[in-house]
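Here is the structure we will look at.
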Amino acid sequence: AFLGSRGCFAHEPSSVSASTPVYVGLALVAFGALAFKEKLRMHAMHVAAMVGLAGIMLATDTPFSAGAWMVPLWILGLVTLAVGLGLVGAALMVSYRDVQHVLPVGIQLLLYASPVAYAATHVPERYLALYYLNPLAPLLEGLRASLLGTPMPPMHTVAWAAGVAAGALMIGVLVFRRLERRFADVI
């Protein structure tokens, strides 16, 4: 049998968690084969990542916490904000050439103003209200809390970030559609 439930070098049947990497590897190969089809590529990559994560958690006997169920919601908020801002940036970059020089500076400032490399616990208490005005802060803090078990951000800041992300997406779509008519003339 092809490795079966015996593991790679075991002479006696091993536990399910010991052979999990083998099964996860086979699943990743199967999803990788699906990735050659253009329409299935994105979905296959997401499923492969989730299968890989589940396999690693099973193999290392890591418990699946309740906060981990929130990870897709935090990622959805981050993606919504990124797509909205990206649509605005792309439309403005085509219409106004100077945006290509300003946009990287703005992204760099957002990186330093967001809790990417540090937690909100390192921000002094008197600056937390100002800190959480950045819509990336509660989303990244929530993602960190779900994955690492740090404290969750206050719910009013999460609502603020969700509203800003939804607003950014709506404004991004409107700006892109409005400026889209001029793209062919400019390019």
Side-chain angles (χ1 to χ4, degrees), residues 35 38-54 57 64-183 186:
E38 185 68 33
K39 292 183 180 181
L40 297 176
R41 182 172 295 145
M42 183 175 61
H43 302 297
M45 290 181 346
H46 289 123
V47 171
M50 294 303 282
V51 167
L53 177 63
M57 290 177 76
F64 196 74
S65 67
W69 290 105
M70 293 290 293
V71 169
L73 294 176
W74 298 120
I75 291 175
L76 178 67
L78 289 167
V79 167
T80 302
L81 183 62
V83 168
L85 295 177
L87 284 171
V88 171
L92 291 176
M93 193 175 293
V94 170
S95 299
Y96 308 103
R97 299 294 178 180
D98 291 340
V99 173
Q100 70 182 344
H101 303 292
V102 175
L103 198 59
V105 174
I107 291 172
Q108 194 75 22
L109 288 174
L110 267 178
L111 171 71
Y112 290 125
S114 303
V116 175
Y118 58 91
T121 55
H122 297 313
V123 176
E125 186 73 31
R126 64 179 183 258
Y127 296 123
L128 274 179
L130 181 64
Y131 172 75
Y132 278 123
L133 285 177
N134 177 356
L136 285 173
L139 296 173
L140 290 172
E141 281 297 321
L143 186 62
R144 181 180 286 122
S146 293
L147 294 174
L148 303 177
T150 60
M152 283 290 230
M155 278 302 124
H156 69 279
T157 64
V158 173
W160 160 254
V164 169
L169 183 62
M170 287 189 287
I171 290 171
V173 168
L174 291 174
V175 167
F176 192 87
R177 284 191 178 168
R178 182 175 180 137
L179 296 177
E180 185 178 27
R181 294 178 229 139
R182 295 189 285 169
F183 286 176
V186 176

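Small disclaimer: the values here were computed from a predicted structure and weren't measured.
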Is there side-chain contact between L179 and V94, with heavy atoms separated by less than 4.5 Å? no
Rounded distance [0.5 Å steps], CZ in R144 versus CE in M152: 13.0 Å
CG of L174 to CG of L87: how many Å apart, nearest 0.5 Å? 10.5 Å
Side chains of L169 and V83 in contact at under 4.5 Å (non-hydrogen atoms): yes
Around atom OH of Y118, are there more than 12 heavy atoms from other residues, nucleotides or ligands closer than 6.0 Å? yes
What heavy-atom pair brings Y131 and S114 nearest, and what distance separates the two atoms? OH-C, 4.5 Å
Taking all non-hydrogen atoms of both residues into account, name the closest pair between P153 and P138 and its distance. CG-O, 3.4 Å
For the student: nearest non-hydrogen atoms of A120 and E141, plus distance: N-OE2, 2.8 Å
Check whether any side-chain heavy atom of H156 sits under 4.5 Å from a side-chain heavy atom of Y132, and report yes or no. no
Nearest 0.5 Å please: distance from the OG1 atom of T80 over to the CE atom of M170. 11.0 Å
Report the distance from atom CG of D98 to atom CG of L103, rounding to the nearest 0.5 Å. 12.0 Å
Which pair of heavy atoms, one from N134 and one from A113, lies closest together, and at what distance? ND2-O, 3.1 Å
Spacing of L139 atom CG and L78 atom CG [to the nearest 0.5 Å]: 5.0 Å
Which atom names give the shortest non-hydrogen contact between S95 and R182, and what distance separates them? OG-NH2, 4.2 Å
Quick check: do V173 and F176 have side-chain heavy atoms less than 4.5 Å from each other? no
Does the pair R177/E180 count as a salt bridge with the N-to-O cut at 4.0 Å? no
Specify the closest pair of heavy atoms between V71 and L147, including all atoms of both residues, with the distance to one decimal. CG2-CD2, 3.5 Å
Rounded to the nearest 0.5 Å, how far apart are CD1 of I75 and CE of M70? 11.5 Å
